Protein chains: 2
Amino acid sequence: MKHIAESTVRRLSLYLRFLEEYEASGHATISSGELAESGGTTSAQVRKDLSFFGSFGKRGMGYTVKDLSIAIREILGLQRPWSVIIVGAGKIGAALAQYRGFTTRGFRVVGVYDRDPARVGTKLDGVSVRPEAELERDIAKLKPEIAVLCVPAEAAQAIADRVTKAGVRAVLNFAPTPLKVTEGVAMRAVNMATELEILAFGLTNGGALPVR
Amino acid sequence: MKHIAESTVRRLSLYLRFLEEYEASGHATISSGELAESGGTTSAQVRKDLSFFGSFGKRGMGYTVKDLSIAIREILGLQRPWSVIIVGAGKIGAALAQYRGFTTRGFRVVGVYDRDPARVGTKLDGVSVRPEAELERDIAKLKPEIAVLCVPAEAAQAIADRVTKAGVRAVLNFAPTPLKVTEGVAMRAVNMATELEILAFGLTNGGALPVR
DNA sequence: CTTAGCTTGTGAATGATTTCACAAGCCCTC
DNA sequence: GAGGGCTTGTGAAATCATTCACAAGCTAAG
């Protein structure tokens with residue numbers, strides 16, 4: 001398959017969100033222009049994004065909301081559930097373990113881990129925190145595809161190595177440090193301090209950063 | 001000033017993090033190659049990024065760790081502190097209010113707000129949660145530059161409108177919905193479900209997404 | 001059946017970002 | 001103070017992403 005830009009995938013996720021809203025509000029069809037409007041982009045961009053994966057609309061008519069939303073879900077791989085483990089049950093990890101936005105999209109938190117015995121055993125939204133030492137055993141048993149890392153920066157690389165070695169194939173890293181992962185493992189990072197710093201840059205150098 | 005790509009600003013933030021580590025570990029100078037290695041990019045990229053803002057190194061020698069880190073801090077606007085308010089004291093908002101990564105970079109949380117009276121009055125790392133109704137009054141008084149939104153999707157646009165109208169000039173949005181803000185307000189969004197969806201795409205379409 | 005009015009899908013053009021490649025410059029040694 | 005060995009800073013080239021612009025195709029109306 002051709003290379004798909006990350007920006008395209010990100011927009012698909014956004015389109016899907018709007019399609020679900022449209023569906024809920026009773027609309028049966030939608031044009032690339034309307035979808036673009038909701039997502040803050042252009043109709044050409046919407047059509048181009050979709051064109052990488054096939055042809056989903058009807059000329060003169062637009063897209064069937066229901067069909068397009070199924071198609072995008074399929075493109076993103078959301079027609080099946082994904083199992084997620086969260087490593088680090090501090091403030092952020094605990095918040096994510098209970099975050100509804102994950103579960104509504106088919107991401108199931110099947111395990112939460114922490115090194116601190118004081119946190120082990122506490123329940124987060126139905127999942128008990130387990131000791132970090134059990135990671136390998138649990139990964140072998142539960143076969144989660146994705147690990148979310150909410151550990152301190154200095155521990156992140158070691159945990160990433162452990163979970164990928166144990167079979168996890170995708171990592172979402174909230175620790176403020178970049179990670180190296182072996183070829184074939186998908187990696188994404190969310191760095192909240194960096195986001196604030198980009199805003200600070202924007203405020204400092206008014207206008208140098210294209211707004212959005 | 002020329003337009004600076006967001007990707008450049010993001011990398012600068014990353015370089016700064018490494019420079020701080022390097023400084024702490026006693027290194028006095030660093031080359032673009034070493035910096036690139038740590039940040040997962042190329043030496044040419046590092047030099048190009050810096051070249052937008054000036055000339056900071058010595059040919060043959062590399063960069064003085066201390067000077068470069070001061071220079072980047074200045075570029076990003078981090079030589080001064082920034083005041084931040086957090087709106088929404090649910091799981092995510094509360095976690096962010098107590099997140100050390102913000103404070104260590106000079107972002108001071110000066111207020112946390114919630115609509116739910118049950119949460120009002122609770123203390124988060126020294127800051128009491130205040131009623132959302134006080135937003136405008138507090139913004140006028142505290143003059144925070146940045147607002148972090150951790151409210152439900154359906155409330156986010158209304159809160160964004162209120163805080164920007166009251167004088168906040170930058171918004172970091174954690175609600176899973178895109179926001180429209182008036183010209184001149186800096187806006188960034190962190191969508192955690194989207195990040196997982198990008199990983200799901202990567203897992204589903206093995207190799208279609210450049211793994212970075 | 002034909003025409004009018006929309007909207008898609010997509011090559012081509014433009015714009016943005018990254019990578020290349022090398023002259024210029026600095027330090028250290030001899 | 002001349003030469004060797006590095007490393008920066010930066011135009012030019014290459015790559016990647018977005019926007020343009022329009023033929024093709026669908027529906028509804030007459």
Side-chain angles (χ1 to χ4, degrees), chain A residues 1-15 19 22 27-65 67-69 71-72 75 198 201 207-212, chain B residues 1-15 19 22 27-65 67-69 71-72 75 198 201 207-212:
Chain A
M1 182 183 236
K2 249 191 103 247
H3 265 349
I4 300 298
E6 184 201 302
S7 48
T8 292
V9 182
R10 165 164 278 122
R11 282 190 299 267
L12 287 176
S13 159
L14 197 61
Y15 303 155
L19 288 169
Y22 264 77
H27 294 70
T29 65
I30 189 172
S31 69
S32 59
E34 293 170 282
L35 209 38
E37 168 74 13
S38 328
T41 179
T42 67
S43 63
Q45 181 77 80
V46 171
R47 297 197 301 276
K48 183 63 97 179
D49 285 339
L50 294 172
S51 78
F52 293 127
F53 302 97
S55 171
F56 305 100
K58 273 216 198 87
R59 292 168 194 234
M61 292 282 94
Y63 303 87
T64 305
V65 173
D67 293 352
L68 184 56
S69 101
I72 293 182
I75 290 167
I198 296 173
F201 176 85
L209 195 69
V211 183
R212 122 180 297 275
Chain B
M1 180 182 237
K2 248 191 103 243
H3 264 350
I4 301 297
E6 183 200 302
S7 49
T8 291
V9 181
R10 164 165 277 122
R11 281 189 300 266
L12 287 176
S13 158
L14 197 59
Y15 302 155
L19 288 169
Y22 264 77
H27 293 70
T29 64
I30 188 172
S31 69
S32 58
E34 293 171 282
L35 210 37
E37 169 74 13
S38 330
T41 178
T42 67
S43 64
Q45 181 77 79
V46 171
R47 297 197 300 276
K48 185 61 102 181
D49 285 340
L50 294 172
S51 77
F52 293 127
F53 302 96
S55 170
F56 305 99
K58 274 214 198 91
R59 291 168 194 237
M61 292 282 93
Y63 304 87
T64 305
V65 173
D67 293 352
L68 185 56
S69 110
I72 293 183
I75 291 166
I198 296 173
F201 176 85
L209 195 68
V211 185
R212 120 167 301 277

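Predicted model, so just to flag it, every value in this text is computed and none were measured. By convention in this document, chain letters (A, B, ...) are assigned in the order of the sequence lines, proteins followed by strands, and residues within each chain are numbered from 1.
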Enquirer: So does B/Ser55 get a side-chain nitrogen or oxygen closer than 4.0 Å to the phosphate oxygens (OP1/OP2) of D/dG9?
Expert: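 Checking B/Ser55 against D/dG9: at least one side-chain N or O falls below 4.0 Å of OP1 or OP2.
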
Enquirer: Any non-hydrogen side-chain atom of A/Ile72 less than 4.5 Å from a side-chain atom of A/Tyr15?
Expert: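 Yes - at least one pair of side-chain heavy atoms lies under 4.5 Å apart.
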
Enquirer: Measure the CG-OG distance between B/Leu50 and B/Ser55 for me, rounded to the nearest 0.5 Å.
Expert: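 B/Leu50 CG to B/Ser55 OG: 9.5 Å, rounded to 0.5 Å.
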
Enquirer: Whether B/Thr42 contacts C/dT19 is assessed here as follows: a side-chain N or O lying under 4.0 Å from the phosphate OP1 or OP2. Is that the case?
Expert: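 Indeed, a polar side-chain atom of B/Thr42 lies that close.
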
Enquirer: Roughly, in whole Å, what's the span from CG in A/Leu12 to P in D/dA17?
Expert: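 It works out to 14 Å between those atoms.
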
Enquirer: Does D/dA17 have its OP1 or OP2 closer than 4.0 Å to a side-chain nitrogen or oxygen of A/Ser7?
Expert: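 So the side-chain polar atoms of A/Ser7 never come under 4.0 Å of the phosphate oxygens OP1 or OP2 of D/dA17.
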
Enquirer: Less than 4.0 angstrom between a side-chain N/O of A/Ser32 and OP1 or OP2 of C/dT7, yes or no?
Expert: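 No.
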
Enquirer: Taking only the side-chain heavy atoms of A/Lys48 (C-beta and beyond), determine which of C/dA12, D/dA12, D/dC26 contains the nearest atom.
Expert: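 The answer is C/dA12, which lies nearest to the side chain.
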
Enquirer: Check the distance between D/dC6's P and B/Ile30's CD1 and give it to me in whole angstrom.
Expert: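 Rounding to the nearest Å, CD1 of B/Ile30 and P of D/dC6 are 18 Å apart.
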
Enquirer: Can you find a side chain N or O atom of A/Gln45 that sits less than 4.0 Å from OP1 or OP2 on D/dT19?
Expert: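 Looking at the OP1 and OP2 atoms of D/dT19, one of them is under 4.0 Å from a side-chain N or O of A/Gln45.
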
Enquirer: Return the nearest nucleotide to the side chain of A/Ala44; candidates are C/dT18, D/dT10, D/dA21.
Expert: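 Between C/dT18, D/dT10, D/dA21, the one nearest the side chain of A/Ala44 would be D/dA21.
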
Enquirer: Using whole Å, what does the distance between atom C1' of nucleotide D/dG4 and atom CE of B/Met61 come to?
Expert: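 Between C1' of D/dG4 and CE of B/Met61: 13 Å.
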
Enquirer: Between B/Thr42 and B/Gln45, is the side chain to side chain donor-acceptor pair (under 3.5 Å) condition met? List the steps.
Expert: CA-CA 5 Å; B/Thr42 67; B/Gln45 181 77 79; 5.3 Å; no

Enquirer: Counting only side-chain nitrogens and oxygens, does B/Tyr63 get under 4.0 Å of the OP1 or OP2 atom of D/dG9?
Expert: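 So the side chain of B/Tyr63 is within the cut-off, an N or O lying under 4.0 Å from OP1 or OP2 of D/dG9.
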
Enquirer: Whether the side chain of B/Arg59 and the base of D/dT8 hold a donor-acceptor pair under 3.5 Å is what I'd like checked.
Expert: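 Check passes, donor-acceptor contact within cut-off.
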
Enquirer: Stepwise, does the side chain to side chain contact (heavy atoms under 4.5 Å, CB included) test hold for A/Lys58 with A/Tyr63?
Expert: CA-CA 6 Å; A/Lys58 273 216 198 87; A/Tyr63 303 87; over 6 Å; no

Enquirer: Would you say a side-chain N or O of A/Arg47 is under 4.0 Å from OP1 or OP2 of D/dT18?
Expert: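 No.
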
